[in-house]
Structures are given as C-alpha cells and as structure tokens.
Peer 1: 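Structure incoming, see below.
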Amino acid sequence: MRQITVIEHLLLHQKENPLATGNFTRLLTELILAAKIISRAVNKAGLMDVLGETGEINVQGEEVQKLDEFANRVIIHRLQRSGVLCAMASEENADIIEIPEKYSKGKYFLVFDPLDGSSNIDANVSIGTIFSIYKQEKDTDYPTLGELLQKGSQQVAAGYFLYGSSTMLVYSTGQGVHGFTLDPSVGEFLLSHPNIMIPKKGKIYSVNEGYFPFWDDKTKQVIASFKDVSAGKSSYSLRYIGSLVADFHRTLLYGGIFMYPKDCRDPKKPRGKLRLLYEASPMAFLVEQAGGMAVDGEQRILDILPEELHQRVPLFIGSATEVKKVLDIYKS
C-alpha cells in the first residue's frame, strides 16, 4: 500500500477542503518541522541538558521545564518566519506574540501549548504539542487580542503532536480526524489512522481522584456513577496518566471519558485548571469531528467565547454516552 504524507493527504482532499491553499500548507509544513525538532530533543532528553526545571515561573504560576522552554522557542522561531501568521499565542507567554516587522504577515492566528504534560518529562511519560488555528476576521496589519479571542467553533484547524513510543500527528481541518505516524527512516509523517471515530460508548473513565475531597457534590456524584457496582462489578476501569494529550489520545481511540473538574479549594479560581484556548478548545474540536462531545459540565466547550488569553475551564470530554451522563447529572 502506498504511504501518504500529511501534505499529500491535504492536497488530495483539496476540492472538499477550502483550507488546502498554499498559505495553509506552508503553515502546516512549518508546524511539522518544528514538531520534528522537538521530537528529536524529546528522544534524546536523557542525553542532553534539557531535563529538569529552568528555575523560572511561567504565566500560569508553574515551574518552567527546560524542554518546555525549548519547544516554545522552536515553534515561535519557525512560525514567525512562515509569512502566513498575523500573530501567535503560547501557553508559556503572558501576552499575544506579535510577528516582527521584518517578516511577512498572513491571515492566520496560531495558538499552542508547546509541551503539554511537561511535569512528566523527567519520568519519560508521553507528552505532546497542542495547536489551534484561527482565521483573522478583520483586514488589519496589527491584530489585537480581541480578534484572537474567538469561540472554539471558529477554529479552522486543530491537532496535536504526541511524543511517545512513536511520534504522531493527529489533526482536523473540519473534514474528519486523521492520524499520521512519523517514520524516522524517511523523516515523514505517514497516514496511519485515517478517519478516526471515537466509540459511542467506552469502558474507561479518566480523572485525578486525588482531588476528590475538593469537588462539589455534583462532581462527586458524576465520579460515583462511573464506579457503580450495583450490577456486581463496575463497567468502567480507571486510567489516568496525568498528561492531557496522552489521556485524550487514549480516550479518542478507545472511547470513554476524560475529566478535569473544577475544585473548591480556591474560590478565586472557580473555573478549573485546563486552559480554554490552548487545551480544551483544540481537543473539543477534534473530539466533535470524531463523533464525540466536550462540555464544561453545563455547556459545549466550542460555544464558550474566551474573555481572556489564559482563561481556564472544567473539561469533560470523550464518547457521547459518557459525556451525556455527566450533563444529565449536573442538570438534575
């Protein structure tokens, strides 16, 4: 069987995909190159001085990992020179990242988490790069933050690179979800998972139950529903990696649900931990394209209009059966 690369796949479906233009292809090509550079560093992490913390604190109030900082620099360096972006936003940067005057500009916004799961780097757990692409709606040379703050439903593409036992790209341009695996021998991402569809019902629930004492009663009821043993044994198994991109990838392929509820420890942060723009919206776009659902407990993730760059939300994402169960409990 002839192996198909990412760009070939995009061009083959050009007639049904209005995004398959030269500019979008260039953007995807630069993202892929950046991911290859990051993948190489991840694979050599134990042999290079890229493990551990930098000693700095990022905008999220978290310790910055060396490899996280490296990934952020690689993506910014490659993409700001692409000539197809009007601005970028990174989970690691406090403000919108402008394109320097010396480079050409385009009409796309790139929003990304350079290295999701970075706290697991030293333990050699699967980590990844999450990205989201929006189109600039106004024809201005200097886009504002307000222009970037769009609903997830307005994404023109989203996806992630997973650095694990193999390096994978999973992405969608609104025409289904497709997975590509990096073949190191040829240096190309080759189509390995065409037309991914999440099972309508799964057997796995994924959540950090260590936070159980800090959840409200509705959330505790949700978790209890997945541990119900009234039929003699629970029909669900618990699986939790602690790296969103890895937990989501398993959920996408096997079905079930991944949950990161809000907790009650800090009344000043009632919205949960995961970031709407960098994590929740891209994954919600993918799961809906694959036939699943993503909500914050009350509403569809893709319907939420961001109010700020680093806004946080609770996230319940996965198979339709499990997510609907969550909605029913919260609304009861």
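Numbers here are sequence positions counted from 1.
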Peer 1: Tell me if the centroids of the rings in F226 and Y236 come within less than 6.0 Å of each other.
Peer 2: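 Here the rings of Y236 and F226 have centres that are less than 6.0 Å from each other.
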Peer 1: Within the 4.5 Å heavy-atom criterion, are T173 and I133 side-chain neighbours or not?
Peer 2: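 Heavy-atom side-chain distance check fails, nothing below 4.5 Å.
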Peer 1: Are the charged groups of K138 and E147 less than 4.0 angstrom apart, N to O?
Peer 2: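 Here K138 does not pair with E147 in a salt bridge, since their nearest N and O are not under 4.0 Å apart.
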Peer 1: Would you name the heavy atoms of I257 and E322 that are closest together and state the gap between them?
Peer 2: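 The pair with the smallest heavy-atom distance is CB-CB, 3.8 Å.
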Peer 1: I'd like to check Y205 versus L238 (side-chain heavy atoms, cut-off strictly below 4.5 Å). Are they in contact?
Peer 2: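 Yes, side chains in contact.
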Peer 1: Is the backbone N or O of L190 less than 3.5 Å from a side-chain atom of T5, with the two atoms forming a donor-acceptor pair by type?
Peer 2: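 Looks like no, no N/O pair under 3.5 Å.
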Peer 1: Return the minimal non-hydrogen interatomic distance between G210 and P213, and the atom names on each side.
Peer 2: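 Here G210 and P213 meet closest at O-CD, 3.7 Å.
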Peer 1: Checking D247 side chain against G242 main chain: does a donor-acceptor pair fall under 3.5 Å?
Peer 2: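 At least one qualifying donor-acceptor pair exists.
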Peer 1: In terms of hydrophobic clustering (I, L, V, M, F, W, Y; side-chain heavy atoms under 4.5 Å; direct or indirect links), are F24 and F161 co-clustered?
Peer 2: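 Shared cluster, yes.
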Peer 1: Walk me through it: do H9 and F180 pass the test side chain to side chain contact (heavy atoms under 4.5 Å, CB included)?
Peer 2: CA-CA 10 Å; H9 186 268; F180 301 79; 3.8 Å; yes
Peer 1: Taking it one step at a time, do L286 and L252 satisfy side chain to side chain contact (heavy atoms under 4.5 Å, CB included)?
Peer 2: CA-CA 9 Å; L286 289 171; L252 182 65; 5.7 Å; no
Peer 1: Tell me if the NZ atom of K203 is crowded by more than 12 foreign heavy atoms within 6.0 Å.
Peer 2: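 At most 12 heavy atoms, drawn from other residues, nucleotides or ligands, come within 6.0 Å of this atom.
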Peer 1: Have a look at L244 and tell me which of Y260, Y160, F258, Y278 forms a side chain to side chain contact (heavy atoms under 4.5 Å, CB included) with it.
Peer 2: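 The side chain to side chain contact (heavy atoms under 4.5 Å, CB included) with L244 is passed solely by F258 among Y260, Y160, F258, Y278.
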Peer 1: Answer yes or no for K135 and Y108: cation-pi contact, defined as NZ/CZ to six-membered ring centre under 6.0 Å and angle to ring axis within 45°.
Peer 2: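 Judged by the rule, K135 and Y108 form a cation-pi pair.
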Peer 1: Is there side-chain contact between S281 and I301, with heavy atoms separated by less than 4.5 Å?
Peer 2: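 A side-chain contact exists here, since the closest heavy-atom pair is under 4.5 Å.
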Peer 1: Write down the atom of F285, the atom of G174, and the distance for their closest heavy-atom approach.
Peer 2: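 Taking every non-hydrogen atom into account, CZ-N, 3.8 Å.
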Peer 1: With distance as the sole test, does S82 use its side chain to make a donor-acceptor pair with the main-chain N or O of L27 at under 3.5 Å?
Peer 2: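 Answer holds: no.
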Peer 1: When you measure from the side chain of N43 to the backbone of S39, do you find a donor-acceptor pair of N or O atoms at a distance under 3.5 Å?
Peer 2: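 Judged by distance alone, yes, a pair lies under 3.5 Å.
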Peer 1: Considering non-hydrogen atoms only, spot the tightest contact between T129 and P114 and give its length.
Peer 2: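 Answer, listing the atom of T129 first, then P114: OG1-O, 2.7 Å.
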Peer 1: Under a 4.5 Å side-chain heavy-atom rule over Ile, Leu, Val, Met, Phe, Trp and Tyr, are I198 and I317 clustered together?
Peer 2: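 Linked, I198 and I317 end up in one cluster.
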Peer 1: Hydrophobic clusters here meaning ILVMFWY residues chained together by side-chain heavy-atom distances under 4.5 Å, can you tell me if F214 and Y240 are in one?
Peer 2: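 Looking at the clustering, Y240 is in the same group as F214.
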Peer 1: Verify the neighbour count for atom NZ of K220: are there more than 12 heavy atoms of other residues, nucleotides or ligands below 6.0 Å?
Peer 2: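 It does: K220 NZ has more than 12 such atoms within range.
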Peer 1: For atom CD of E298, decide whether the heavy atoms of other residues, nucleotides or ligands shown that lie under 6.0 angstrom number more than 12.
Peer 2: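 Check fails, neighbour count at 12 or below.
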Peer 1: With rounding to the nearest 0.5 Å, note down the distance linking CZ in R239 to OG1 in T251.
Peer 2: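 With rounding to 0.5 Å, CZ (R239) is 11.5 Å from OG1 (T251).
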Peer 1: Kindly check if the number of other-residue, nucleotide or ligand heavy atoms within 6.0 Å of CD (E98) is above 12?
Peer 2: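 No - once you tally the heavy atoms of other residues, nucleotides and ligands closer than 6.0 Å, there are 12 at most.
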Peer 1: Between R275 and D113, is any pair of side-chain heavy atoms under 4.5 Å apart?
Peer 2: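 They are not in contact (no side-chain heavy atoms under 4.5 Å apart), so the answer is no.
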Peer 1: For the atom pair CD1 (I38) and CG (L33), what is the distance rounded to the nearest 0.5 Å?
Peer 2: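 Here the interatomic distance stands at 10.0 Å.
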Peer 1: May I ask whether L309 and V313 are part of the same hydrophobic cluster, defined by side-chain heavy atoms of I, L, V, M, F, W, Y residues being less than 4.5 angstrom apart, directly or through others?
Peer 2: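 L309 and V313: separate clusters.
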Peer 1: Within 45° of the axis and under 6.0 Å from the centre of the six-membered ring of Y142, does NZ or CZ of K105 qualify?
Peer 2: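 Satisfied, under 6.0 Å and within 45°.
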Peer 1: What's the separation between atom CG in L277 and atom CD in E279, rounded to the nearest 0.5 Å?
Peer 2: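 L277 CG to E279 CD: 10.5 Å, rounded to 0.5 Å.
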Peer 1: Drop me the distance from I7's CD1 to L28's CG, to the nearest 0.5 angstrom.
Peer 2: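 Interatomic distance, I7 CD1 to L28 CG, rounded to 0.5 Å: 4.5 Å.
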Peer 1: Around K200, counting heavy atoms of other residues, nucleotides and ligands shown, do more than 12 lie under 6.0 Å from its NZ?
Peer 2: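 Result for NZ/K200: open.
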Peer 1: Which pair of heavy atoms, one from F189 and one from M168, lies closest together, and at what distance?
Peer 2: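 Residues F189 and M168, closest heavy atoms: CE2-C, 3.9 Å.
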Peer 1: Does any non-hydrogen side-chain atom of S90 lie less than 4.5 Å from one of I97?
Peer 2: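 When only atoms from C-beta onward are counted, S90 and I97 do touch, with a gap below 4.5 Å.
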Peer 1: Are L31 and L110 close enough that some pair of their side-chain heavy atoms sits under 4.5 Å apart?
Peer 2: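 Heavy-atom side-chain distance check passes, below 4.5 Å.
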Peer 1: Heavy atoms only: give me the nearest G297-F316 pair and the separation to one decimal.
Peer 2: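 So the minimum-distance heavy-atom pair works out to N-CD1, 3.7 Å.
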Peer 1: For the residue pair K218 / S332, report whether a side-chain donor-acceptor contact shorter than 3.5 Å exists.
Peer 2: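 S332 vs K218: donor-acceptor pair found between side chains.
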Peer 1: Quick check: do V245 and Y163 have side-chain heavy atoms less than 4.5 Å from each other?
Peer 2: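 They are not in contact (no side-chain heavy atoms under 4.5 Å apart), so the answer is no.
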Peer 1: Run the numbers on L182 and L169 for side chain to side chain contact (heavy atoms under 4.5 Å, CB included), then give the verdict.
Peer 2: CA-CA 8 Å; L182 179 63; L169 161 62; over 6 Å; no
Peer 1: Test your reading of the model: is there a side-chain donor-acceptor pair from H193 to the backbone of H178, 3.5 Å cut-off?
Peer 2: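 No; judged by distance alone, with no hydrogens or angles, the pair does not exist.
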Peer 1: Do I127 and I75 sit in one hydrophobic cluster, given that two such residues count as connected whenever their side-chain heavy atoms are within less than 4.5 Å of each other, even indirectly?
Peer 2: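 The answer is yes; both residues are in one hydrophobic cluster.
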Peer 1: Report the distance from atom CZ of R300 to atom CG of L302, rounding to the nearest 0.5 Å.
Peer 2: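 Atom-to-atom, R300:CZ and L302:CG are 4.5 Å apart.
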Peer 1: Start with the C-alpha gap between M293 and L327, add the side-chain angles, then the distance that decides, and say whether side chain to side chain contact (heavy atoms under 4.5 Å, CB included) holds.
Peer 2: CA-CA 11 Å; M293 296 176 63; L327 283 174; 3.9 Å; yes
Peer 1: Go through the side-chain N and O atoms of T219 and D216 and say whether any donor and acceptor fall under 3.5 Å apart.
Peer 2: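 Present: a donor and an acceptor within the cut-off.
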Peer 1: Using 0.5 Å steps for rounding, measure from the CZ atom of R81 to the CD1 atom of I76.
Peer 2: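 If we round to the nearest 0.5 Å, R81:CZ and I76:CD1 are 11.0 Å apart.
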Peer 1: Report yes if the side chains of I32 and K36 come closer than 4.5 Å at any heavy-atom pair, otherwise no.
Peer 2: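 Result yes, sub-4.5 Å side-chain heavy-atom pair found.
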Peer 1: For Q154 and E137, does a side-chain donor sit closer than 3.5 Å to a side-chain acceptor?
Peer 2: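 Per modelled atom types, Q154 and E137 side chains form a pair under 3.5 Å.
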